[in-house]
Amino acid sequence: MIRFLKLLFAYFKIGSMNELQYRANFFLQIFQSLLALVVGVFGLALIFNQTATLAGWSPAELLAVMGVFFIMGGLIRVTIQPNMERLMSEIRDGTLDYTLTKPADAQVLVSIREVRIWQSVDIFMGFLVLVYALLQIGNGVSILDALAFAAALVMGGLMIYCFWLMITTGAFWVIRINQVVELFQGIYQAGRYPVGIYPGWIRILLTFLVPVAFAVTVPAESLTGRLTWQTLSLALALTVILMIVARLIWKFGLRSYGGASA
Amino acid sequence: MKGTIDFYLTQMKLAVIVQFQYPLANYFYMIGMIAEPVIYLVVWSTVAVQQGGSVGGYTPADFAAYYLVWILVRNMNIVLTPYAWEQYIQRGFLSMELLRPIHPLHGQLAYFSGWKFVVIVMWIPLAILLSFIFKPNLDPTAWQLILFFIALWGGYLMRFMLLWLLGMITFWTTRVSAIFELYFTLELLFSGRLVPLSLMPEWAQTVANLMPFKWAFGYPIELILGKLTLQQSLLGLGVQLFWTLLALFFVRLTWRAAMKKYSAVGA
């Protein structure tokens, strides 16, 4: 475990130093994040121009959902997505060999190599939006709520990671799956709104197939007094199951990896 | 003239053949694109139901029709991305294009036009499938259908020219992504892509009328949904023509200046 943390820290340091060379990207990222915020707020304003609540969620509560949406989106783009994109191209080009020969667990390695720290602007902005929304709601957040939020956020992130890893592992068999990135980003947009507003079959897709519900809606529920212990337990169970399944699929996929010269 | 037409036909045929080779990739692309309109559709249908059946003149069935046509228009609207210019210039692809005896604009325009036929053919089964799920209210008259078809291509042509113009900024500066992002954000808000423009406040609708974006996107959709009179529909085609010619004028002007400035890598 200590070895894992050391490895994680080392890769984080290398990745950050790499990115820190490009200062201008930082300002570009701030600009992009602000544009995303404007679009998000504009969209909500249009909706609440016409109605007082959306499926039982008040404007401030939906703003909180948007905050969580930005936080999770930022987390995905800081670590999960760049790692998985690199994995995809390495499987295709056969350069995964270099990673597989290293004396550490390959799944760990392919999951922590890349870090795009400038993207964390989104996480920071998401927190600001969330705090502002919570002040607007004005109900206060107990320590228990905050803990539940943190737990839900971590589990949601892990589920998204498992989802990405399973899809990316598909590249061992079908090689070209670049469109998956766009496909995921399109579907993730659904998390902007609480999944409760979607019709049944879409809600099931967003809960179990692409775990957007657990990544965004559930953490937001914990801060708006909607979370039940049943939901949190279900999240825990699903996280464990997905982690195991993703691991098995990864192991299975590795067996059909040919390498560059094989 | 005959040579140019031949060139266009060949280039378009080539695009159709190439794109039909990758039906799966094209479908993946389209499915990824469906997520966005379906989200808008669900949200606004919920609002409409909450408000007693309709909002801004749209019932859930109207929204379904709007976002179904949206998918087609969105795909027709896809042209050469301005981000491609960086590669063109940096890697010297453009130098190759310049050696040909025909302006590079023709090649791109013809290729994307050919691709559009593939897009239309692939949209049809998708639209039928989504119609079963969302039950759209779509019943255009003959003239609306004809004008819609013209407006669809007019919007494509217009957006093609505008984005060419935008992309050419790359000749002068390499820090273009902030400008592009700003352009696309304005487009998202004021084109009718996010939401039918009649749901926006008055001032935003006025702004949208003065900007080009809506004429390539929201206008054709409103046309086939029967939201416009014959006069308004014809006026829209005129506005499309105006923006297309204006953009073309500046493309020519900028192109001449750009060619003086351009020096390829390795030249």
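In what follows, chains are A, B, ... by sequence order, proteins preceding strands, each numbered from 1.
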What pair of heavy atoms forms the shortest contact from [X] to [Y], and how long is it?
X: A:T51; Y: B:Q50; result: OG1-OE1, 3.1 Å
X: A:N49; Y: B:P201; result: ND2-CD, 4.4 Å
X: B:L199; Y: A:Q50; result: O-NE2, 3.3 Å

Can you confirm whether [X] is buried at [atom1], in the sense that more than 12 heavy atoms of other residues, nucleotides or ligands lie under 6.0 Å from that atom?
X: B:F117; atom1: CZ; result: no
X: B:Y83; atom1: OH; result: yes
X: A:Q21; atom1: CD; result: yes

Measure distances from [X] to the heavy atoms of chain B and classify the residue's part below 4.5 Å as side chain, backbone, both or neither.
X: A:Y198; value: both
X: A:Q32; value: side chain
X: A:L28; value: side chain
X: A:A24; value: side chain

### Message
Can you classify the ring geometry of B:F134 versus A:W201 as parallel (below 30°), tilted (30 to 60°) or perpendicular (above 60°)?
### Response
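Rings of B:F134 and A:W201: tilted, 30 to 60°.
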Any chance you could measure [X], atom [atom1], to [Y], atom [atom2], to the nearest 0.5 Å?
X: A:F31; Y: B:T185; atom1: CZ; atom2: OG1; result: 7.0 Å
X: A:I47; Y: B:Y40; atom1: CD1; atom2: OH; result: 10.5 Å
X: A:Y193; Y: B:T46; atom1: OH; atom2: OG1; result: 10.5 Å
X: B:S45; Y: A:I197; atom1: OG; atom2: CD1; result: 9.5 Å
X: B:I39; Y: A:I202; atom1: CD1; atom2: CD1; result: 9.0 Å
X: A:I187; Y: B:E36; atom1: CD1; atom2: CD; result: 13.0 Å

Chain A contact via [X] - which portion, at a heavy-atom distance below 4.5 Å:
X: B:V38; value: side chain
X: B:I133; value: side chain
X: B:Q51; value: side chain

### Set of side-chain contact (heavy atoms from CB on, under 4.5 Å) partners for A:L227, sequence neighbours left out
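Residues passing side-chain contact (heavy atoms from CB on, under 4.5 Å) with A:L227: A:A148, A:V218, A:E221, A:S222, A:T231, A:L232.
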### Check against side chain to side chain contact (heavy atoms under 4.5 Å, CB included), B:V195 and A:F42
CA-CA 11 Å; B:V195 62; A:F42 196 80; over 6 Å; no
### Message
Counting heavy-atom pairs closer than 4.5 Å to chain A, which one of B:L182, B:V43, B:I34 comes out on top?
### Response
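Most heavy-atom pairs within the cutoff with chain A belong to B:V43.
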### Query
What pairs with A:F252 under ring-ring contact (aromatic ring centres under 6.0 Å, His included), at least two apart in sequence or on another chain?
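A:F252 satisfies ring-ring contact (aromatic ring centres under 6.0 Å, His included) with A:W173 only.
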